[in-house]
Amino acid sequence: MTNPKGRFGIHGGQYIPETLMNAVIELEEAYNFFRKDSDFQKELTELFNDYAGRPSRLYYAEKMTEDLGGAKIYLKREDLNHTGAHKINNVLGQALLAKKMGKTRLIAETGAGQHGVATATAAALLGMSCVVFMGEEDTVRQALNVYRMRLLGAEVIPVKTGTATLKDAVSEAMREWTSRISDTHYCLGSVMGPHPFPTIVRDFQAVISKEIKTQMLEKEGRLPNAVIACVGGGSNAIGSFYHFIEDKDVKLIGCEAAGRGIGTFETAATIATGKPGIFHGMKSYFCQDEYGQIAPVYSISAGLDYPGVGPEHAHLHDIGRAEYVPVTDDEAVEAFEYLAKTEGIIPAIESAHAVAYTMKLSPTLDKDKILVITISGRGDKDCAAIARYRGENIYE
Amino acid sequence: MSNVKKAFENGKAFIPFITCGDPDLETTAAVVRAAVNHGADLIELGIPFSDPTAEGPVIQGANLRALEGGVTTDKIFDMVKALRRDVTVPMVFMTYANVVFSYGAEKFIKTCYEIGMDGLILPDLPFEEKEEFAPLCRRYGIDLISLIAPTSENRIAMIAKEAEGFLYIVSSLGVTGTRKEITTDLESMVRVVRENTDIPCAIGFGISTPEQARKMADMADGVIVGSAIVRLLARHGRDAAAPIGDYVASMKGAIT
């Protein structure tokens, strides 16, 4: 779906400083070579299977299905991957690619810390050095992940500029990349940024929908009626959607973080409240004011706390192929607790946004309908924060 | 000939960068007049952006102060209109693509023409994306300034061939900010530029002292100074016009 200039409809592109242009061109050329290279693909598949634990399970959530009394619900268990989230898929792909390109150093941004931990992990595995930029606010919200990254040998740099969250971490990683390109690969964590990142990250995450399709055909002999995933930048969602885009009968539903509600300023629901703009290397939808100043966004979930969305999602929204719905903090926290109690699975608070929407949707559907929710990560990292949200005085 | 080229008719050009609205627009206007009176040949006016990814900490801070002070694109347009009653040197805006895009590209560029701006520098609009705004800039006679960087290498010729106004040569890797040393082989970059275009070129990023300015001006047609001026603004606030005037005089003196 990408044209040569990295466009998805009107979205995407390469809105970056000239200093970085040769770096992204070099990356695109290397990617176009290695994606067709059977040795590279073999090595990556081995890492996926033997190191990350793929394929991840497609689990029939029987108790949840019965309790909600509607459509049959399956969970795609990306939370069972090594490092506890879907982020490892993209990181193993990019780190291997960077190594083949002769890079020795990975830099990355992180919100919740999942992508930072995954990048630090891949760097440790492949013998590369690693620097992770993380909003100072997030280093407090996710202190344990900061320690994890350090344990894995990475340097974590708290970003104090702007709102000190994910968008500022991205800006700072981009600034760092402009100052040191020759030995450094910027391992971007989502389907965002300048071309070719949205395409590369999507391709590495597309393993999710490829597996769902195979597993669903094995279990049910047919495709699901809908695939539901949370959307910040949108990497687990695009990975879950990708191989179903041509299957027009499969509804694709992305759940955005509405924070305290889309009628408030404390929201991160980009498609519900944003408008087209150009930022962080791409044209897409962004939360911004009338003069194009990027808005401070808010969500209980550090991983969805981003004012933009990947350009392919913007396009899928424009053409009506995917539907994007806002889910509030309250709804996500209820879903977090619900899945824990009903299925014994503690989802990441990000993934809980997708669970929350399914809890609303499923009872309205007939029992012969099938829904797949991608549980993009596990919720251990969120327990202390959710406990505090419920008024308990627990710190990590 | 575009107005921007006139900046290069008075010997080597000195081009100061000023973030609009830091700390307020009255100060910006006073600083522009002081710079012009002390020899500035072209003024680069920054429209602040919330997330300036090409800027180092100094200009990031200026953007933040300006936005907190309540400056907007419309208020900046009004200030320029007032400045144009007596300031005749060429002026260009430096901002980020989203500021232009979200305002409505045509409305933004048409207003630039109406208030007497001469050019536009967008550090996040590389050669590959310039058609986003270039047709509108051509229609309204606004020069869309191209940048080349130490990593441009094989791209310099292509960029230079289509450059308008002047060519902005980024002296170093990384973001804006003063540097003790500039190690890029700027002479070979300028050589490729000269082979491919007749328009003037100016070097920016990292320049703060008269000695550095002289060295850069020996190679190019002008020098651009941002962070050093913004730092004076941060230090002197509303009283920055006089020290910035003195600074501009010393820099212009060094390259003349």
Side-chain angles (χ1 to χ4, degrees), chain A residues 4-7 10 12-26 28 159-163 167-182 184 193-195 274-284 286-296 307-308, chain B residues 47-57 60-61 63-64 66-67 71-76 95-105 108 122-133 146-156 158-159 168-170 172-177 205:
Chain A
K5 278 185 86 186
R7 292 281 171 176
I10 64 161
Q14 295 181 304
Y15 300 88
I16 46 170
E18 169 60 22
T19 307
L20 290 177
M21 277 309 298
N22 265 330
V24 297
I25 291 167
E26 182 199 6
E28 183 178 8
V159 175
K160 298 183 174 109
T161 52
T163 48
K167 82 168 164 108
D168 308 289
V170 174
S171 295
E172 212 49 40
M174 286 176 92
R175 289 185 184 114
E176 169 66 19
W177 203 26
T178 61
S179 72
R180 190 167 163 185
I181 297 166
S182 59
T184 298
H195 176 67
K275 57 173 189 166
I278 297 171
F279 183 49
H280 278 163
M282 58 182 169
K283 187 181 282 182
S284 187
F286 295 97
C287 299
Q288 54 185 314
D289 74 6
E290 58 173 316
Y291 290 104
Q293 306 296 343
I294 302 302
Chain B
I47 302 180
F49 180 51
S50 52
D51 300 82
T53 48
E55 313 296 352
Q60 282 181 48
N63 279 278
L64 208 65
L67 289 172
V71 76
T72 65
T73 306
D74 282 320
K75 289 178 187 170
I76 292 168
T95 189
Y96 285 78
N98 201 44
V99 171
V100 179
F101 182 81
S102 71
Y103 193 84
F108 184 99
L122 300 170
D124 56 349
L125 192 81
F127 182 85
E128 277 75 358
E129 300 294 351
K130 74 186 170 78
E131 289 310 301
E132 181 84 41
F133 302 125
S146 298
L147 296 92
I148 60 170
T151 49
S152 294
E153 296 169 358
N154 55 341
R155 298 167 51 81
I156 298 177
M158 165 183 91
I159 295 169
Y168 189 134
I169 301 179
V170 175
S172 317
L173 290 180
V175 292
T176 57
F205 276 47

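We name chains A, B, ... by the order of the sequence lines, and we start the count at 1 in each one.
- To the nearest 0.5 Å, the span separating OG1 on B:Thr53 from NZ on A:Lys167 amounts to 11.0 Å.
- Taken to the nearest 0.5 Å, the CG atom of A:Asp289 stands 8.5 Å off from the CG atom of B:Leu67.
- Interface summary for chain B: among A:Met21, A:Glu176, A:Met174, the most heavy-atom pairs under 4.5 angstrom belong to A:Met21.
- Considering CG of B:Asp51 and CZ of A:Phe279, their distance stands at 3.5 Å, rounded to 0.5 Å.
- Of all heavy-atom pairs between A:Gln293 and B:Pro48, the closest is NE2-O, 3.0 Å.
- Here B:Ser152 is the residue among B:Ala54, B:Ser152, B:Ala97 with the most heavy-atom pairs under 4.5 Å with chain A.
- Rounding to the nearest 0.5 Å gives a distance of 11.0 Å between NE2 of A:His280 and CG of B:Asn98.
- Looking at B:Glu128, its side chain never comes within 3.5 Å of a backbone N or O of A:Gly13 through a donor-acceptor pair.
- The shortest non-hydrogen separation linking B:Ser102 to A:Gln288 is CB-OE1, 3.6 Å.
- Contact annotation for B:Leu122: neither backbone nor side-chain heavy atoms come within less than 4.5 Å of a heavy atom of chain A.
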Before you tell me yes or no, could you show the steps for B:Glu153 and A:Asn22 under side chain to side chain donor-acceptor pair (under 3.5 Å), namely the whole-Å CA-CA distance, both residues' side-chain angles and the distance that decides it to 0.1 Å? CA-CA 8 Å; B:Glu153 296 169 358; A:Asn22 265 330; 4.5 Å; no
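- Counting heavy-atom pairs under 4.5 Å between each of A:Ala295, A:Pro194, A:Pro276, A:Gly281 and chain B puts A:Pro276 at the top.
- Note: B:Thr151 leads B:Thr151, B:Asn154, B:Ile148 in heavy-atom pairs under 4.5 Å with chain A.
- Top candidate by heavy-atom pairs under 4.5 Å with chain B, chosen from A:Ala23, A:Gly277, A:Ser182, A:Pro296, is A:Gly277.
- Looking at B:Glu55, the atoms closer than 4.5 Å to chain A (heavy atoms on both sides) all sit in the backbone: N, CA, C or O.
- Residues A:Ser179 and B:Leu173 share a closest heavy-atom pair of O-CD1, 3.8 Å.
- The distance from atom NZ of A:Lys275 to atom CZ of B:Phe101, rounded to the nearest 0.5 Å, is 9.0 Å.
- B:Asp124 contributes atom CG, which lies 12.0 Å from atom CE of A:Met282 (distance to the nearest 0.5 angstrom).
- Using a 4.5 Å heavy-atom threshold, the side chains of B:Glu129 and A:Ile278 count as separate.
- No part of B:Asn63 comes within reach of chain A, as not one of its non-hydrogen atoms sits under 4.5 angstrom from that chain.
- Of the listed residues B:Val99, B:Ile47, B:Thr73, B:Ile159, the one with more heavy-atom pairs under 4.5 angstrom with chain A than any other is B:Thr73.
- Salt bridge status for A:Glu18 with B:Arg155: present, with a side-chain N to carboxylate O gap under 4.0 Å.
- Looking at every heavy atom in both residues, B:Ala149 comes nearest to A:Thr19 through CB-OG1, 3.3 Å.
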